[in-house]
Protein chains: 2
Amino acid sequence: MSATNTGVPSPLDTALPTPVPSGEHEQCPVTDVLRRIGDKWTVLVVVLLGQRPYRFNELHRGIEGISQRMLTRTLRGLEADGLVRREVFATVPPSVEYSLTPMGATLLEPLSALADWAIENQPAIAASRRATSARTNNLSAG
Amino acid sequence: MSATNTGVPSPLDTALPTPVPSGEHEQCPVTDVLRRIGDKWTVLVVVLLGQRPYRFNELHRGIEGISQRMLTRTLRGLEADGLVRREVFATVPPSVEYSLTPMGATLLEPLSALADWAIENQPAIAASRRATSARTNNLSAG
DNA sequence: CTGAATCCCTAACGATACTG
DNA sequence: CAGTATCGTTAGGGATTCAG
């Protein structure tokens with residue numbers, strides 16, 4: 001199972017030559033993507049759009065806690081990256097439909113792998129965090 | 001290839017029942033993990049430690065641009081999550097060795113899938129971004 | 001060598017109000 | 001309905017300094 005250096009061909013090696021890229025402003029694509037999808041809402045939006053196209057307020061209602069501002073920014077970012085398509089229908093109450101592009105849809109697969117890992121390991125992680133904070137409290141208390 | 005709703009069993013569906021979890025403070029494990037590994041340095045550290053154990057300053061030199069502060073915080077976070085193990089050797093110049101735990105090593109696999117995707121799609125994403133900013137400039141200029 | 005502590009800046013985020 | 005504009009708060013992150 002160990003993916004350290006035997007099992008996995010590791011495309012990460014390709015992305016991280018030797019000392020780590022990050023020359024100055026040019027980050028490696030992996031980091032770039034991680035920072036994009038690591039924000040607070042992008043994954044939720046992508047996952048919802050993976051089910052079917054959504055309209056703006058539909059997403060707004062579907063993602064509890066998101067503000068219009070952040071929903072707009074998230075969608076704009078995904079659109080700029082070519083992961084989401086935005087279709088405007090000039091109807092009388094104007095409506096806008098968002099959907100994944102083909103490239104956006106392919107993101108669901110690696111995302112699923114990571115989600116799988118997250119779900120599987122979340123209990124262990126949570127337990128580890130609790131143990132750590134308990135240990136920290138002990139140090140404070142004596 | 002479409003992973004929209006036919007090909008992939010989508011563990012995301014498990015994580016996102018219908019309207020999206022996020023009751024109030026309790027986020028879904030996927031979002032939680034994404035925010036953890038989506039920060040600026042975690043992935044780089046995990047990838048390096050995936051090759052072999054590293055000492056503190058070795059990591060510091062290996063990851064160009066990281067500050068001691070952030071390296072420490074990143075390692076502490078990973079340690080608290082049970083993904084990284086910290087071993088202190090009480091030698092005369094004290095040395096500390098960091099390595100992936102077994103659970104940490106399993107993270108390399110889904111990370112590779114995502115890295116694969118990132119590397120493969122990075123050109124398209126970059127092109128899309130350029131096209132978008134060019135379009136924005138056109139609106140401003142004309 | 002391996003950090004912890006402090007200060008400061010910026011980007012991200014959220015709430016609210018306003019517009020086509 | 002689908003946004004934009006503005007403002008205030010907070011969290012992430014960097015530089016520097018100090019300590020075991």
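Below, chains carry the letters A, B, ... as their sequence lines are ordered, and counting in each starts from 1. This one's a predicted model, so the numbers in the text were calculated from it and none came from an experiment. All values below were derived from every heavy atom in this structure, side-chain atoms included, with hydrogens, water molecules and symmetry-related copies excluded.
- Of the candidates D/dG3, D/dA2, C/dA4, the closest approach to any side-chain atom of B/R76 belongs to C/dA4.
- The distance between atom OH of B/Y54 and atom P of C/dC1, rounded to the nearest whole Å, is 17 Å.
- Rounded to whole Å, atom P of C/dT2 lies 9 Å from atom CG of B/L59.
- Of all the heavy atoms in B/T91 and B/S95, the pair that sits closest is OG1-N, 3.7 Å.
- Distances shown here put every side-chain N or O of B/R86 at or beyond 4.0 Å from the OP1 or OP2 atom of C/dT2.
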TODO: Any chance you could lay out the salt bridge (charged side-chain N to carboxylate O under 4.0 Å, His left out) test for B/E87 and B/R55, step after step, and finish with the verdict?
DONE: CA-CA 9 Å; B/E87 268 183 296; B/R55 290 179 49 189; over 6 Å; no
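- Put simply, CG on B/L111 and CG on B/D116 are 11.0 Å apart, with the number rounded to the nearest 0.5 Å.
- The backbone N or O of B/D39 sits nowhere less than 3.5 Å from a side-chain atom of B/T42 that would complete a donor-acceptor pair.
- Here the side chains of A/R86 and A/V88 are in contact, with some heavy-atom distance below 4.5 Å.
- What separates CG of B/L71 from C1' of D/dG12 is a distance of 16 Å, to the nearest Å.
- To the nearest angstrom, P of C/dC1 lies 16 Å from CD of B/E97.
- When the C1' atom of D/dC1 is taken as reference, atom NE2 of A/H60 falls 12 Å away, rounded to whole Å.
- Here D/dA2 presents its P atom at 13 Å from CD of A/E87, a figure rounded to the nearest Å.
- For B/R55, a side-chain nitrogen or oxygen approaches OP1 or OP2 of C/dT2 to under 4.0 Å.
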TODO: Show your reasoning for whether salt bridge (charged side-chain N to carboxylate O under 4.0 Å, His left out) applies to A/D32 and B/R129.
DONE: CA-CA 13 Å; A/D32 189 54; B/R129 284 183 189 171; 3.3 Å; yes
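- Among the atoms of the strands shown, only primed sugar atoms or phosphate atoms (P, OP1, OP2) are found under 4.0 Å from some heavy atom of B/Y98.
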Open item on the list: Return a single string for nucleotides 5-20 of chain C, one symbol per nucleotide in 5' to 3' order, where B is base contact, S is sugar-phosphate-only contact and - is none, cutoff 4.0 angstrom on heavy atoms.
Closed with: -B------BBBBB--B
